[in-house]
Amino acid sequence: MDQGGGRAAGQAAETVKPIILFGLGGVGRALLRQIEEQRSFHRDAYDLRIRYLALCDSSGAIAAPEGGFSEALIEEILQRKEDGGALASHPLGRSYRSPEAIVDEMGKAGAVVVDCTASDSTADALLLALERGCQVALANKKPLTVDQDVYDGISRMPGRARWETTVGAGLPVIATLNRLVSSGDGIERAAGSFSGTLGYLMTGLEEGRSFSETVAEAYRLGYTEPDPRDDLGGVDVARKALILARGMGWRVEMEEVEVSGLYPERMAGLSVDGFLEALPALDAQYRKQVEAAAAEGKVLRYAATLSDGACSVGPTAVAKDSPLGRLTGTDNLVEFYSRWYSPNPLVIQGRGAGVEATAAGVLSDIVELQWSVVRGQ
Ligand SMILES: NC(=O)c1ccc[n+]([C@@H]2O[C@H](COP(=O)([O-])OP(=O)(O)OC[C@H]3O[C@@H](n4cnc5c(N)ncnc54)[C@H](OP(=O)(O)O)[C@@H]3O)[C@@H](O)[C@H]2O)c1
């Protein structure tokens, strides 16, 4: 891998895009692989070369050695992470105090700090990066869903921050929202289904299967988190709804998002097996909700709804012939209603999860951030 050489005389000068990557889980590793696979495409199409300044996991970091990261070193790091190893114990690795300390040491103007962690400890690092003239790309929802002030700090300079994959993974949800907002065509209402797992569950209920049976099946098929309550609680969907609300210009805190989970508080303390065993107690309640919706020509969806300044997430009866009502299976879907998209909404639908689609979305963010660089910034 060429990390250092120039181009032959007569060819356009190559632009080097340095990145600091936090997070080498499923998404971070897929991103590294895609950057390597797309090197010749990025060079030929955009004269662009992505260069790693540092790769970091929760244990530590590996900073670029003399001459940069070789292909063999990247492969070795990927293998180590796939095997569950830690970067701090790699011969080139070291521990670090905080993500902020890494940015403080290595963040330089024009670099992109990429957050592929699932951590709430990266917000200060992202804000420091922006202060230093870096750009940021996030797959991680948490920094955008803590205090409004942090969101404001990250989103303040639109050309310097991207977080396309935080809602709907590879789907262009944020880009579409930003286009509507920037034209002045204010979004009046938005609704969406942002969990493939809960979409699968709602399709099962609509097909007449019981709640307990459908949850158990999703668990068996690996569609849920190891503890299905992490999906059924709705918090991840609430984070996505909050990111949309803030993108629409609303000033909202997480506590103001009304979240209705799909299990009662009394089941929160059970073991996973105990929880699955207790689920049939909820079957009658969900059957009734599905029947009540059907009696009105509606279907039940686990929906995020943003309307009249209120943001809510939970089981919602929607018209059967609406885009959300027609949705089946694990796809994500969002409906935007604005002045120009009314009564029929602008709709985006497709696969809303998966490490490869998410990594590809982050890679697009990095490439597009380069396009938005203002020279001398
Ligand atoms: N998977 C999807 O379909 C999808 C879709 C859209 C968005 N996302 C988001 O993308 C992010 C990554 O997802 P994932 O599936 O790759 O998660 P994951 O497999 O849990 O990986 C998280 C990675 O972050 C690292 N990490 C945690 N705290 C850190 C810190 N303080 N500094 C540096 N690294 C830290 C972890 O380190 P260790 O390896 O040392 O544990 C791990 O490598 C999440 O925020 C997720 O919500 C995922």
Side-chain angles (χ1 to χ4, degrees), residues 19-34 52-63 77-90 93-107 113-126 128-129 136-146 162-174 194-199 222-227 230-231 235-240 242-244 330-332 334 350-365:
I19 69 168
I20 298 173
L21 173 59
F22 289 102
L24 287 166
V27 174
R29 293 198 304 272
L31 176 63
L32 277 191
R33 286 204 188 283
Q34 290 188 23
Y52 316 112
L53 294 176
L55 304 177
C56 319
D57 68 6
S58 67
S59 75
I62 298 183
I77 290 169
L78 285 169
Q79 196 56 55
R80 170 177 287 256
K81 290 308 299 173
E82 257 145 48
D83 295 343
L87 290 189
S89 55
H90 186 278
R94 60 181 165 98
S95 56
Y96 60 90
R97 215 168 2 96
S98 64
E100 206 181 345
I102 290 285
V103 171
D104 188 31
E105 185 186 328
M106 295 183 213
V113 174
V114 183
D115 184 354
C116 287
T117 74
S119 165
D120 50 15
S121 68
T122 53
D124 288 343
L126 297 168
L128 179 65
V136 299
L138 296 79
N140 182 12
K141 291 175 276 296
K142 290 186 180 155
L144 299 165
T145 53
V146 289
R162 296 277 172 136
W163 54 90
E164 184 55 73
T165 56
T166 56
V167 182
L171 301 178
V173 175
I174 304 293
F194 297 116
S195 160
T197 312
L198 300 181
Y223 290 174
T224 68
E225 293 293 326
D227 184 337
D230 291 343
D231 298 294
V235 173
D236 192 59
V237 177
R239 285 206 179 96
K240 293 174 186 177
L242 181 58
I243 292 172
L244 283 188
T330 57
D331 268 5
N332 280 197
V334 62
R351 179 186 189 158
V355 295
E356 294 297 342
T358 305
V362 177
L363 182 49
S364 301
D365 279 352

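Note that ligands are numbered from 1 as they come in the structure, with each ligand's atoms numbered from 1 the same way. Note that the coordinates shown come from a computational prediction; the quantities given were computed from them, not determined experimentally. Values reported hereafter were calculated over all heavy atoms of this structure, with side chains retained and with hydrogens, waters and symmetry mates removed.
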Colleague: Can I get a per-line list of side-chain donor-acceptor pairs under 3.5 Å for residues 25-32, giving both atom names and the distance, sequence neighbours left out?
Modeller:
from: R29; atom 1: NE; to: E82; atom 2: OE2; distance (Å): 3.4
from: R29; atom 1: NH1; to: L24; atom 2: O; distance (Å): 3.1

Colleague: Side chains of L171 and N332: closer than 4.5 Å at any heavy-atom pair?
Modeller: yes
Colleague: Any pair with a residue in residues 162-173 that passes salt bridge (Lys or Arg N to Asp or Glu O under 4.0 Å), sequence neighbours left out, goes on the list, sorted by first then second residue, please.
Modeller: R162-E368
Colleague: With sequence neighbours excluded, what pairs up with A101 under the side chain to side chain contact (heavy atoms under 4.5 Å, CB included) test?
Modeller: R97, S98
Colleague: Would T166 and R239 count as having a side-chain donor-acceptor pair, cut-off 3.5 Å?
Modeller: no
Colleague: Below 4.5 Å, heavy atoms only, C-beta onward: do T197 and E225 meet side chain to side chain?
Modeller: no
Colleague: For ligand 1, give me the residues whose heavy-atom distance to it is below 4.0 Å, by chain and number please.
Modeller: F22, G23, L24, G25, G26, V27, C56, D57, S58, K81, Y96, P99, C116, T117, A118, S119, S121, A139, N140, K141, T165, A353, G354, V355, T358
